[in-house]
Amino acid sequence: PTTPMPVSQEEMVIEVPRAEVPVASHQKPLRPDVSFSENHLSKKNLENQDDLISRIRVGLSLPVENDSAIDAEFNWYLNNPEYLKRVFSRSEPYLYHIVKSLKDREMPLDLALLPVVESAFDPFAYSHGRASGLWQIIPRTGTYLGLKQNWWFDARRDVLESTRAALDYLQYLHVLFEGDWLLALAGYNSGEGNVAKAIRRAESEGLPTDFWHIRNYLPAETRTYVPRLIALKRVIAESESYDIDLPQIANIPFFEIVETAGQMDMALAADLANVTTDELYRLNPGVNRWATDPEGPHHILVPVKRAANFRMALSELGDQDQVSWSRHEVSMGETLSQLALTYQTTPWVLKEVNGLANDMIRIGQNLMIPHATKQPEDYAQTLEARRNRVLDQKRNGNRKVYTVRKGDSLWTISQQHNTTVRELAKWNAMAPRDPLSIGRELVIWTDSTDLTTQDNERIRRLTYTVKKSDSLSRISMRFKVSIPELIEWNDLPPEKYLQPGQQLIMFVDVTKQST
């Protein structure tokens, strides 16, 4: 990129697992007889290129300092060997692709360890700052880097696209900060603006402008972030000296890219590839729903050992057989948006496959609708399924459901229920800055035995059937709601007329209604 990047690297909020246990800087002391250096690589390590971690070890090149912050992080890793084993085992499907991408770009192999710090190699990790995927990319940065984000697909979680975007960004930062990889890493975490500001402040005070001299001017998270990666590099380089048992990961591709003819049902693809749907979603974590995006990318990652049979099975399918189809006869009151919701697709898809010029459908009209081949429980890694697991998780207190109304925010709702924005967002698989839509139901856990609030009790959901003489203006006046609210609640195109028999959803204040 040649233009400035977004200022900060800030969504089922699943906190990044590295923070499971607080860093303890004075646990097991470092062995005094072993010092770290770039040449601390045994002959055995250099020769063992069948192991991917050994390949990374040989390619380590980031500069190292003797620093107490690095020591503290290194001690944490030494005292949590099970964490290291779990994270590197989780990395197996992705690590070869990341290492190869770095080698192809002639970038330091140390950067292959960055997803450990960012996401603990969990492709579904989602932070309170709305960062998502292995590389923890926020929506705005993702958009800038060309990552597609829509109802069907989020490329911030896609293995291929997110890796491409993250390395693009790191290369850009490396050039911006005149070849200093540690400053590039600091910029990846806190945003290039914060690093540039810290450099200017150091210069004004006559200090050098490397990371170690500007770090006190950076956010606290960034001051820990860079030492954490360097400590992880030490773990890899000195694993033999400290008897750290890291898993063996074969230095060969884990997956192949298999082209599809179009949209593909994930459960059907899993059956054809002879893997579970969970396995397939973990290789294709960018897929949000029961099927891939109708607009692409039209490929699926499958394990190498399954690829040949999967291609053969796909070749025996017709292009229209990659998803299931049903013929639906339109009934009174049904809308395109309602049908899309029922069949877990989008109005755009229904218009495209049925050759509709707009959202208008008529009673008795037959529509062809693509839909999932199996039951919702067979798609356990979709965005909705993962969110529902968070919502259904048992927590302390009594569970209540609150319906969002006009003027609400996470802050106002949290204040009403004596909790924090961070907790409220966590309960509802959100990030604190995610937008709230009117009518959305939020789960709240409270110590109160009164599971209703006076304010929320006044707001009731109403389904209204449009009559012949109705208009948005007339309905809004009758029920004391606004036209923009009616449009938002029902996903209505504002320039279209209402149709008799059409059903509208409203959230009305019962105290404002009259006979």
Side-chain angles (χ1 to χ4, degrees), residues 11-13 130 150-151 288-289 333-348 350 359 376 382-388 390-392 399-417 419 421 423-446 451-467 470-494 496 498-499 501-513:
E11 52 193 286
M12 205 139 3
V13 176
R130 303 185 72 201
N150 62 26
W151 191 82
N288 284 335
R289 309 295 168 182
E334 289 183 327
T335 67
L336 208 62
S337 294
Q338 290 171 334
L339 290 176
L341 185 63
T342 299
Y343 286 95
Q344 280 294 287
T345 186
T346 57
W348 177 87
L350 298 185
D359 290 346
T382 63
L383 182 63
E384 184 176 14
R386 287 183 281 114
R387 280 180 173 163
N388 286 340
V390 175
L391 296 179
D392 293 341
R399 186 181 191 271
K400 65 175 290 185
V401 176
Y402 178 90
T403 303
V404 176
R405 55 195 177 90
K406 186 177 180 180
D408 276 340
S409 67
L410 285 178
W411 186 84
T412 60
I413 298 170
S414 69
Q415 294 301 296
Q416 290 174 29
H417 296 88
T419 187
V421 170
E423 280 294 292
L424 185 58
K426 182 179 178 180
W427 295 335
N428 290 277
M430 299 173 64
R433 290 191 290 172
D434 280 351
L436 275 183
S437 56
I438 296 172
R440 175 171 180 168
E441 293 183 340
L442 297 179
V443 170
I444 297 175
W445 290 89
T446 176
L451 300 186
T452 63
T453 64
Q454 183 177 358
D455 286 343
N456 199 43
E457 203 172 41
R458 291 164 24 200
I459 308 299
R460 297 299 175 91
R461 186 180 191 274
L462 176 68
T463 302
Y464 177 77
T465 302
V466 176
K467 298 177 176 58
D470 277 338
S471 65
L472 285 175
S473 176
R474 180 171 297 183
I475 294 171
S476 71
M477 292 176 62
R478 176 176 176 184
F479 291 98
K480 309 297 189 298
V481 296
S482 70
I483 292 177
E485 286 175 330
L486 287 172
I487 291 172
E488 179 183 356
W489 292 333
N490 296 277
D491 193 23
L492 297 173
K496 301 296 182 183
L498 297 177
Q499 298 300 309
Q502 182 176 352
Q503 290 187 320
L504 298 180
I505 294 171
M506 291 179 281
F507 295 88
V508 301
D509 186 334
V510 296
T511 65
K512 294 181 180 179
Q513 309 307 310

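Just so you know, these numbers use all the heavy atoms, side chains as well, and skip hydrogens, waters and symmetry mates. Starting from 1, each residue takes its place in the sequence as its number.
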message = I want to check something: taking the side chain as every heavy atom from C-beta on, are T335 and L492 in contact at a cut-off of under 4.5 Å?
response = no

key: Intermediate values then yes/no, side-chain contact (heavy atoms from CB on, under 4.5 Å), Q503 and T463   = CA-CA 6 Å; Q503 290 187 320; T463 302; 4.1 Å; yes

query = Any side-chain heavy-atom pair from Y343 and L350 closer than 4.5 angstrom?
reply = no

note = Looking only at heavy atoms, the pair that brings A431 and A425 closest together is C-CB, 3.9 Å

ask   = What do the steps show when you test D408 against R440 for side-chain contact (heavy atoms from CB on, under 4.5 Å), and what is the final call?
value = CA-CA 11 Å; D408 276 340; R440 175 171 180 168; over 6 Å; no

ask   = S482: what forms a side chain to side chain donor-acceptor pair (under 3.5 Å) with it, not counting sequence neighbours?
value = E485

key: Gap between atom CD of Q338 and atom CG of N490 - 0.5 Å precision   = 8.0 Å

query = With N150, which residues qualify under side chain to side chain donor-acceptor pair (under 3.5 Å), at least two apart?
reply = D293

query = Does the side chain of V390 reach to within under 4.5 Å of the side chain of V443, using non-hydrogen atoms?
reply = no

ask   = For L472, does its backbone N or O pair with a side-chain atom of S476 as donor and acceptor, under 3.5 Å?
value = yes

ask   = Taking atom OH of Y402 and atom CG of L424, what is their separation to the nearest 0.5 Å?
value = 10.0 Å

Step-by-step side-chain contact (heavy atoms from CB on, under 4.5 Å) determination, L498 to R474 = CA-CA 11 Å; L498 297 177; R474 180 171 297 183; over 6 Å; no

note = Between the CG atom in L383 and the CG atom in N388, the distance rounded to the nearest 0.5 Å is 9.5 Å

ask   = Can you find a pair of side-chain heavy atoms, one from V466 and one from Q499, that are under 4.5 Å apart?
value = no

request  = Mind checking side chain to side chain donor-acceptor pair (under 3.5 Å) for D470 and listing every partner two or more places apart, or none if nothing turns up?
outcome  = Y464

message = Within the structure provided, determine whether T419 and W427 are in side-chain contact (heavy-atom separation under 4.5 Å).
response = yes

message = Is there a side-chain contact between L442 and L410 in this structure, where contact means two heavy atoms from C-beta onward sitting under 4.5 Å apart?
response = yes

task = Any chance you could measure L436, atom CG, to R405, atom CZ, to the nearest 0.5 Å?
result = 12.5 Å

inquiry  = I'd like to know if the side chain of R289 and the backbone of W151 have a donor-acceptor N/O pair within less than 3.5 Å.
reply    = yes

inquiry  = Is any side-chain heavy atom of S437 closer than 4.5 Å to one of V404?
reply    = no

inquiry  = Any non-hydrogen side-chain atom of E441 less than 4.5 Å from a side-chain atom of L391?
reply    = no

message = Let me confirm one number: the CZ-CE distance from R478 to M506, rounded to the nearest 0.5 Å.
response = 8.0 Å

task = Give, for atom CG of L336 and atom CG of D359, the distance between the pair rounded to the nearest 0.5 Å.
result = 5.5 Å

